[in-house]
Amino acid sequence: MALAAAIHSHLLQDLQWRQEHAADFLSTGLNSVDSLLEGCPRGRITEIIGPASSGRTTLLHSILAEAARLGEFCTVVDTNNAFDPASAEAAGLDLRRLVWVRCGGHADHAMKAADLLVHSGGFGVIALDLCDVLAPITSRIPLSWWYRFRRAIENTPAVFLILENQPSAKACASLLLEMKRDQTLFSGTEPFQYLESATYQAASRKPVRNGLARFEARALR
């Protein structure tokens with residue numbers, strides 16, 4: 001009886017901890033986006049999708065900077081060596097709190113690196129950048145990988161981000177954000193024009209929520 005009561009008490013405590021943990025979010029660092037989403041759920045997978053120049057990287061930099069501001073360490077698994085540390089630092093990211101893994105265009109290396117990192121623990125944000133990976137390659141990623149990531153990340157304080165053109169994690173993702181470029185401001189006269197700033201839209205596709213969040217990013221000079 002005492003053993004059964006102890007097990008029952010432990011299960012109740014574990015359930016309460018899970019419920020409290022499920023409501024924990026990491027701010028994106030952008031008030032307009034947080035007002036729509038509350039932030040990125042910890043212990044869950046978040047997908048950020050959209051075409052090139054749609055604001056995916058700008059949003060990533062902001063999330064990384066916010067996690068670093070809280071004293072957390074982050075990692076970016078960079079499949080095609082596209083990550084720009086200077087732009088990330090200009091967005092407020094403390095590069096001393098970043099682990100940057102370059103995979104040289106090998107999607108299989110990126111998946112294995114992400115697997116090692118998510119199972120190692122100790123990271124506030126783990127970002128897997130598949131943006132420049134061709135669709136025929138991402139479509140061949142077994143669904144079992146995403147289930148493996150979901151199981152590894154749950155019940156941890158980490159945020160697992162996937163950046164890509166089209167969603168891949170499907171049911172394994174708790175949040176799906178679709179990015180679009182809204183407006184672009186250039187200065188100068190043709191052919192010598194310079195990008196001054198761009199405004200982006202973020203729409204929540206999962207869970208389905210009405211409304212768009214807009215935010216602006218200025219070009220790094």
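Of the possible polar contacts, none joining the D182 side chain to the Q201 backbone as a donor-acceptor pair under 3.5 Å is found. Formation of a donor-acceptor pair under 3.5 Å by the T156 side chain with backbone atoms of I153 is found in this model. Side chain of S32 to backbone of R214: a donor-acceptor contact under 3.5 angstrom is found. Between the side chain of E38 and the main chain of F25, no donor-acceptor pair closer than 3.5 Å is present. Remark: side-chain polar atoms of N80 are not paired, donor with acceptor, to backbone N or O of A82 under 3.5 angstrom.
The local environment of NZ in K206 is crowded, with over 12 non-hydrogen atoms from other residues, nucleotides or ligands closer than 6.0 Å.
Side-chain contact between D129 and F83: absent, with no pair of heavy atoms (C-beta onward) separated by less than 4.5 Å. Inter-residue side-chain proximity for V99 and F123 is flagged as met; some heavy-atom pair is nearer than 4.5 Å. Side chains of I162 and F149 form no contact here, defined as non-hydrogen atoms less than 4.5 Å apart. Residues H119 and R148 meet the side-chain proximity criterion, which asks for heavy atoms closer than 4.5 Å. When side chains are defined from C-beta on, N165 counts as touching R56, because their heavy atoms get closer than 4.5 Å. With contacts defined as side-chain heavy-atom distances shorter than 4.5 Å, the pair C40/I63 qualifies. Between M179 and I48 the shortest side-chain heavy-atom distance falls below 4.5 Å.
Here the options are D108, V77, V133, D78, the test is side chain to side chain contact (heavy atoms under 4.5 Å, CB included), and the partner is C103; only V77 passes.
To the nearest 0.5 Å, the span separating OG on S54 from CG on L177 amounts to 11.0 Å. Here the straight-line distance linking atom CD of E72 with atom CG of L70 works out to 5.5 Å at 0.5 Å rounding. The line from OG of S53 to OH of Y200 is 6.5 Å long, rounded to the nearest 0.5 Å. Here the straight-line distance linking atom CZ of R44 with atom SG of C172 works out to 12.0 Å at 0.5 Å rounding. With rounding to the nearest 0.5 angstrom, the OG atom of S87 is 11.0 Å from the CG atom of L93. How far CG of L130 is from CD1 of I137: 10.0 Å, rounded to the nearest 0.5 Å.
In terms of heavy atoms, P41 sits closest to T46 at CD-OG1, 3.6 Å. When every heavy atom of P207 is checked against every heavy atom of L175, the shortest pair comes out as CD-CD1, 4.0 Å. E154 and R151 get closest at one heavy-atom pair: CG-O, 3.2 Å. Shortest non-hydrogen contact noted between T79 and A110 is OG1-CB, 3.3 Å. When all heavy atoms are compared, the tightest approach of T28 to L59 is CB-CD1, 4.1 Å. Residues S62 and L30 share a closest heavy-atom pair of OG-CG, 3.6 Å.
Linking ILVMFWY residues whenever their side-chain heavy atoms come closer than 4.5 Å, directly or via other members, leaves I45 and L176 in distinct clusters. F160 and I49 fall into different hydrophobic clusters, where Ile, Leu, Val, Met, Phe, Trp and Tyr are joined by side-chain heavy atoms under 4.5 Å apart, directly or via other members. W145 and L128 fall within the same hydrophobic cluster, where Ile, Leu, Val, Met, Phe, Trp and Tyr residues are linked whenever their side-chain heavy atoms come under 4.5 Å apart, directly or through other members.
Relative to the six-membered ring of W146, R150 misses at least one condition, a distance below 6.0 Å or an angle of at most 45° to the axis. Annotation: cation-pi geometry satisfied between R97 and F73 (NZ/CZ under 6.0 angstrom from ring centroid, within 45° of ring axis).
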Run the side-chain contact (heavy atoms from CB on, under 4.5 Å) check on E66 and L26 step by step: do they pass? CA-CA 8 Å; E66 181 64 18; L26 171 66; 4.2 Å; yes

